[in-house]
Amino acid sequence: LRSTIHSVVNSINPEIQLEPEVEKLLVDIADEFIESVADFGCRLAQHRGSDTLEVKDLQLHLGR
């Protein structure tokens, strides 16, 4: 996840360096977001009577 964050920042502005505290904060935010989306998606899958998390479960939560 850290390398992905660095890649995103680098693609926006290759001259920018992240302070370690900023990197940690972004990783924490991303982890919380992924956990939240996955949890909600799992609950949607169970609600529709499935034991399989599908893309449509995540898309519904994300509004896509």
Side-chain angles (χ1 to χ4, degrees):
L1 193 53
R2 290 179 193 275
S3 64
T4 302
I5 289 172
H6 281 282
S7 295
V8 170
V9 171
N10 191 43
S11 72
I12 296 168
N13 186 340
E15 297 176 16
I16 293 293
Q17 297 296 315
L18 296 178
E19 291 183 345
E21 296 84 9
V22 171
E23 181 181 317
K24 182 181 181 334
L25 178 62
L26 290 173
V27 168
D28 290 347
I29 291 170
D31 281 343
E32 289 175 20
F33 175 76
I34 292 167
E35 184 176 329
S36 171
V37 171
D39 178 61
F40 194 87
C42 288
R43 287 188 278 135
L44 283 174
Q46 286 179 329
H47 178 72
R48 62 180 173 76
S50 178
D51 62 355
T52 303
L53 179 61
E54 296 178 10
V55 171
K56 65 183 179 182
D57 301 314
L58 303 178
Q59 288 174 328
L60 182 61
H61 178 57
L62 295 172
R64 296 182 177 197

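- Separation of atoms CD1 (I29) and CD1 (I34) is listed at 12.0 Å; rounding is to 0.5 Å.
- Taking a 6.0 Å sphere around CD of Q17, one finds it holds 12 or fewer heavy atoms contributed by other residues, nucleotides or ligands.
- Taking 4.5 Å as the limit, some side-chain heavy atom of E23 sits within range of a side-chain heavy atom of H6.
- A single hydrophobic cluster is not seen to contain both F33 and V55; linkage of ILVMFWY side chains at heavy-atom distances under 4.5 Å, directly or through other members, places them apart.
- With rounding to the nearest 0.5 angstrom, the CD atom of Q46 is 11.0 Å from the OG1 atom of T52.
- The structure places CG of L18 at 9.5 Å from CG of N10, a figure rounded to the nearest 0.5 Å.
- The cluster map of Ile, Leu, Val, Met, Phe, Trp and Tyr, joined by side-chain heavy atoms under 4.5 Å apart, puts I5 and I16 in the same cluster.
- Side-chain atoms of S36 do not come within 3.5 Å of backbone N or O of E32 as any donor-acceptor pair.
- Grouping the Ile, Leu, Val, Met, Phe, Trp and Tyr side chains by contacts below 4.5 angstrom, directly or via other members, places I12 apart from L26.
- Atom CG of L25 sits about 11.5 Å away from atom CD of E19, to the nearest 0.5 Å.
- With values rounded to the nearest 0.5 angstrom, L62 atom CG is found 11.0 Å from D57 atom CG.
- L60 and L53 fall into different hydrophobic clusters, where Ile, Leu, Val, Met, Phe, Trp and Tyr are joined by side-chain heavy atoms under 4.5 Å apart, directly or via other members.
- Atom-to-atom distance recorded for D39:CG and H61:NE2 is 8.5 Å, nearest 0.5 angstrom.
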